[in-house]
Number of protein chains: 2
Amino acid sequence: MPRTHRPSVTIGDVAAAAQVSRSTVSRAFTRPQLLSPETVDQVRAVAARLGYVGNQAARALSTGRFGNIAVVVPDIANPFFPPLVRSMQLAAETADLAVFLGDSDESAEREAKLIARLAPQVEGFVLASPRLAEDLIRELAATRPVVLVNRDLDGIPRVLIDSSGGMTEALMLLKKLGHQRLVYLAGPRDSWSDQQRREVLTSAAAGLTVDVIEVGRPSYAAGRDSVSAIVRSGATAAIAFDDVVSQGVLAGLELRGISVPSDFSLVGCDDTLAALTTPALTSVSAGAATAGTAAAKLLAQLLDSPDPSAECVTISTHLVIRATTAGPPRRQNPRG
Amino acid sequence: MPRTHRPSVTIGDVAAAAQVSRSTVSRAFTRPQLLSPETVDQVRAVAARLGYVGNQAARALSTGRFGNIAVVVPDIANPFFPPLVRSMQLAAETADLAVFLGDSDESAEREAKLIARLAPQVEGFVLASPRLAEDLIRELAATRPVVLVNRDLDGIPRVLIDSSGGMTEALMLLKKLGHQRLVYLAGPRDSWSDQQRREVLTSAAAGLTVDVIEVGRPSYAAGRDSVSAIVRSGATAAIAFDDVVSQGVLAGLELRGISVPSDFSLVGCDDTLAALTTPALTSVSAGAATAGTAAAKLLAQLLDSPDPSAECVTISTHLVIRATTAGPPRRQNPRG
DNA sequence: CTGAAAGCGCTAACAG
DNA sequence: CTGTTAGCGCTTTCAG
């Protein structure tokens with residue numbers, strides 16, 4: 001039955017070359033304990049020589065395991081995610097897991113579609129900053145292992161980057177420097193990170209006045225355009241939802257001749273761009289890479305033994321002080 | 001033979017319930033034209049009622065088609081790649097293709113491993129800036145459709161971002177501004193982009209003197225550390241292999257009290273960070289997103305009809321002039 | 001410890 | 001138009 005011809009080396013080829021049965025080859029990889037060490041070595045050597053790579057689809061058909069996971073992010077072009085995805089992929093590789101990437105374009109609907117499309121070939125999901133409704137996530141998680149990143153759903157394994165440490169430090173620093181009034185440039189409302197940051201800032205303000213300015217989808221332009229509102233607020237410092245927004249603010253400030261940090265202080269979040277720019281930004285570190293590794297490991301472990309006890313790993317943050325923070329200007333308002 | 005039990009409804013269940021053969025069920029989904037409309041409707045109705053979802057692995061095993069492609073990049077954390085990957089994934093989605101992501105960590109060896117691992121579940125590859133040896137790429141391309149990005153291998157479909165336009169413009173601008181001596185901060189030798197840029201700069205120098213400084217793996221630190229060599233060269237302007245290096249140079253320059261652009265002019269490449277920083281960088285646009293879309297479309301088309309004529313789409317570049325370029329400093333110190 | 005044989009769920013000739 | 005049949009490449013009882 002001649003069909004689509006795929007010239008790849010199969011388990012049969014290896015078996016023939018090694019003069020053993022197919023089963024033996026199979027066992028050499030999946031359950032070497034059942035074979036004599038010499039056989040294992042020999043078979044593996046032959047396999048390596050031939051460049052044999054197990055056909056995952058066939059394996060999956062037989063075992064129900066695909067050896068694939070999917071990571072879906074709202075926007076891979078957002079500098080927060082690449083390190084996350086990267087470390088996840090590297091960690092997945094050591095568990096011999098291949099990874100699908102889904103970019104939902106910040107849309108819950110597209111996220112759902114992606115998940116549905118990927119689900120039949122995937123053993124588990126890593127959902128990074130998912131925009132999906134809680135019940136849909138729970139529904140998915142009932143089906144197969146799901147690890148959340150930066151979304152706090154009780155009972156579902158998750159890794160959370162806890163901004164509160166860094167945020168509090170930022171608050172303290174600003175206070176110590178003498179600022180009294182600041183603004184938070186808030187991110188998307190359905191982002192857990194934003195909710196957390198917002199809460200820390202408004203509840204633990206430590207005697208400072210902090211106004212919230214909504215910038216919507218975090219972008220450079222959004223940051224730049226928020227400057228007039230910042231100036232209007234009379235604040236002498238700002239904390240931005242992320243470094244991209246922060247850069248935008250920096251640009252907007254320069255445009256108005258307000259210089260940082262002498263006239264105005266600025267703190268970003270995530271430390272994605274912060275170290276790479278001039279001036280270097282003060283920022284709350286995020287450890288996205290750490291989170292990625294943790295998520296992959298958590299998922300791999302879940303696949304091995306579907307542990308019902310949902311783990312939650314928390315990654316703490318701290319403030320990295322660079323060049324954009326200083327005391328408030330002498331005059332009451334920076335060029336009002 | 002009781003094995004891993006997967007409670008899912010199979011084609012057989014549908015066939016039984018609908019009182020038809022398995023083939024009929026199969027055809028109802030894959031080639032409805034071959035069936036009477038009533039049969040199709042009936043089968044589909046039963047399938048829907050039972051919640052039947054085709055098993056991808058089985059389908060793939062039988063047809064050799066997975067509906068999956070893979071994109072492998074040297075480093076997804078390098079800001080050049082996320083927009084590329086993103087647009088590719090979005091384009092792939094419209095062709096109903098799911099995408100695997102591989103990060104080779106700039107290693108040809110890991111790249112080969114990833115490819116081998118992914119190959120059995122993938123219909124085609126997009127290899128972005130592959131570090132792999134030419135013969136290995138050709139070997140793979142003989143097996144299945146492969147689209148290259150920024151690697152120029154005759155006979156293999158590829159999309160090339162042609163820097164020469166932008167580079168030449170940069171040269172012209174710098175010349176017009178009065179610079180006479182500049183340096184090129186060169187990237188990795190096995191990068192096609194670097195080779196191309198290097199050649200344009202050294203061959204089309206238009207009467208300018210251009211020295212080449214090797215920075216190795218392009219990074220912020222590499223750029224920053226190259227500043228002493230730049231100063232030593234006596235150049236009044238630099239073109240960097242990419243924006244990350246460019247940012248590093250900017251930082252290194254500031255550290256020495258050399259200000260940009262009044263004392264020194266700087267041009268980056270790829271326009272990845274350039275617009276997001278303060279000061280905004282003059283940079284050669286890259287159109288990574290355009291390249292991603294083009295690559296995905298090319299691959300999708302190749303999958304439909306394995307056209308032997310290897311297409312090569314070229315994306316042209318231009319210079320985006322921002323704040324880091326100006327004329328060379330005056331010989332004498334300006335007044336006071 | 002190793003081989004033989006029976007499928008996993010699906011599709012694709014090939015009849016009828 | 002529809003059923004029969006023979007696998008895709010792998011794992012896994014079950015014998016030996």
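In the text below, chain A, chain B and the rest are named by the order of the sequence lines, each starting its count at 1. Note that the coordinates shown come from a computational prediction; the quantities given were computed from them, not determined experimentally.
Side-chain N/O atoms of A:Ser62 include none lying less than 4.0 angstrom from OP1 or OP2 on C:dC8. For B:Ser21 and D:dG3, the shortest distance from a side-chain N or O to OP1 or OP2 is below 4.0 Å. For C:dT2, one of the phosphate oxygens OP1 or OP2 lies less than 4.0 angstrom from a side-chain nitrogen or oxygen of A:Ser36. Phosphate proximity of D:dG3 to B:Thr24: present, with a side-chain N or O under 4.0 Å from OP1 or OP2.
Remark: P of C:dA12 and CZ of B:Arg59 are 9 Å apart, rounded to the nearest angstrom. Taking atom CD of residue A:Gln19 and atom P of nucleotide C:dT2, one finds them 14 Å apart after rounding to whole Å. Protein atom CG of B:Asp13 is 8 Å distant from nucleotide atom P of C:dG9, rounded to whole Å. Rounded to an integer number of Å, the gap from CG of B:Leu34 to C1' of C:dA12 is 11 Å. When rounded to the nearest whole Å, the span between CZ of A:Arg65 and C1' of C:dC8 equals 15 Å. Summarising the geometry, the separation between CZ on A:Arg27 and P on D:dC14 is reported as 13 Å, rounded to the nearest angstrom. Rounded to an integer number of Å, the gap from A:Gln56 CD to D:dC8 P is 19 Å. A:Ile11 places its CD1 atom 18 Å from the P atom of C:dC8, with the value rounded to the nearest Å.
A:Arg22 CZ: 12 or fewer foreign heavy atoms inside a 6.0 Å radius. The neighbour count for A:Asp135 CG, taken as heavy atoms of other residues, nucleotides or ligands under 6.0 Å away, is above 12.
In this structure, A:Thr39 and A:Arg22 both approach DNA chain C, and ranking their closest nucleotides by distance from the 5' end singles out A:Thr39.
At the heavy-atom level, A:Ser26 lies under 4.0 Å from base atoms of the strands shown. Heavy atoms of A:Val20 sit under 4.0 angstrom from primed sugar atoms or phosphate atoms, though from no base atom. As judged by a 4.0 angstrom heavy-atom cut-off over every strand, B:Tyr52 is placed among residues touching the sugar-phosphate backbone only.
Proximity note for A:Ser23 (side chain, C-beta onward) versus C:dA4, D:dT4, C:dG7: the nearest is C:dA4. Comparing D:dC14, D:dC8, D:dC10 by their nearest atom to the side chain of B:Leu61 picks out D:dC8.
Checked against the 6.0 Å centroid threshold, B:Tyr52 and B:Phe29 count as a close aromatic pair.
A:Asp103 has no carboxylate O lying under 4.0 Å from a charged side-chain N of A:Arg110, or vice versa, which leaves the two without a salt bridge.
A:Glu311 places a side-chain heavy atom less than 4.5 Å from the side chain of A:Leu298.
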